[in-house]
Amino acid sequence: MTSILPGSKGPCTAFISTKAGELNHSSNRAKWWIDSNSKRYVPAGQESVVGVIALRAGEGYRVDIGGAHLATLDGLAFEGATKRNRPNLKIGSLVYARVSLAHKDMDPELECFDAQTRRAEGFGELKGGFLVSCSLKMCRLLLDPGHFLLPYLGSLFPLDAAVGTNGRVWIDAKEIKNTIAVSRCIQAVDPIGQNMDEGELKDFVKRLDILQ
C-alpha cells in the first residue's frame with residue numbers, strides 16, 4: 001500500500017505534483033509527499049495533528065490546527081465516548097487528533113481514534129507537557145521511524161512525544177530541564193534552523209549538560 005500525502009495526486013501507478021518542492025518518501029517508501037517552503041499547514045485526510053481547543057461549539061469543539069480555518073471535533077469522536085460519558089475539554093487544551101475530512105470547500109474535521117481499530121491508539125487529550133513549534137518539514141522527519149532525534153533523546157531520559165504533521169510537537173520529558181533540552185534539540189535539527197546532523201546534535205546535547 002502506498003499513501004499519497006500533500007502535494008501529489010493521481011492513481012497508484014502515476015502521481016502528479018500539485019505544488020513545487022522536493023519529493024520525499026518514508027524509509028519503507030510507503031508514503032510519498034512534496035516538501036515545500038509553505039509555512040501554513042494545509043490539512044490532508046488521515047494526517048495526525050496537534051490541535052488547540054479554541055472554543056466550544058454545541059456538543060463539540062472548534063480546534064486550531066494551524067490551517068486557514070478552525071477544524072471541527074465532535075464530542076463523541078473519542079474512543080468509548082457517549083452522550084453521558086465524553087471528554088470535557090477546556091479552551092486551551094491540547095489534543096492529538098486525526099484529520100478525518102479535508103476538503104477545500106469545507107472546514108476540516110477531526111477524530112481522536114484510529115480509523116481502523118476505532119481505539120484511541122495515542123489520540124486524545126494531551127495532558128501536561130509542552131508544545132513546540134517547528135517547520136512542517138521537521139515534523140515529517142520526526143514522523144519517520146528511522147530519524148535519529150527522538151530515539152536518541154529517549155535513550156537519555158524518559159520522553160513522551162506526539163508529533164503532528166502541522167508543525168507542532170507535544171513533548172513530556174518529566175523534568176523541566178529535559179523538556180527545554182528537547183525543544184532546543186528540535187530547533188537545532190530543524191532544516192530551517194541549524195539543520196544539525198546526528199553527530200552535531202550529540203555534541204550539542206553534551207554542551208547542554210542535561211544528564212548532570
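Since the model is a prediction, treat every value here as computed from it, not as a measurement.
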For the student: nearest non-hydrogen atoms of Ala57 and Arg62, plus distance: CB-CG, 3.8 Å

Under-4.0 Å salt bridge between Glu125 and Lys90: no

Qualifying residue for side-chain contact (heavy atoms from CB on, under 4.5 Å) with Leu142, from Asp190, Val169, Val189: Val169

Same apolar cluster: Ile180 and Met196, side chain cutoff 4.5 Å: no

Linked, directly or transitively: Phe78 and Leu101 (ILVMFWY side chains, under 4.5 Å): no

Ile53 reachable from Val49 in the ILVMFWY side-chain graph, under 4.5 Å edges: yes

Qualifying salt bridge (Lys or Arg N to Asp or Glu O under 4.0 Å) pairs, either residue in residues 153-169, two or more places apart: Asp64-Arg168, Asp160-Lys174

Joint hydrophobic cluster, Leu94 plus Ile91, side-chain heavy atoms closer than 4.5 Å: no

Residue pairs, two or more places apart or on separate chains, that pass side-chain hydrogen bond (donor to acceptor under 3.5 Å, both in side chains) and touch residues 50-61: Arg56-Asn88

Within 6.0 Å of CD1 in Ile176, more than 12 heavy atoms from elsewhere: no

Hydrophobic cluster identity match, Val50 and Phe130, side-chain contacts under 4.5 Å: no

Candidate pair Lys202 and Tyr152, rule side chain to side chain contact (heavy atoms under 4.5 Å, CB included), full reasoning: CA-CA 9 Å; Lys202 290 182 177 180; Tyr152 170 64; 3.6 Å; yes

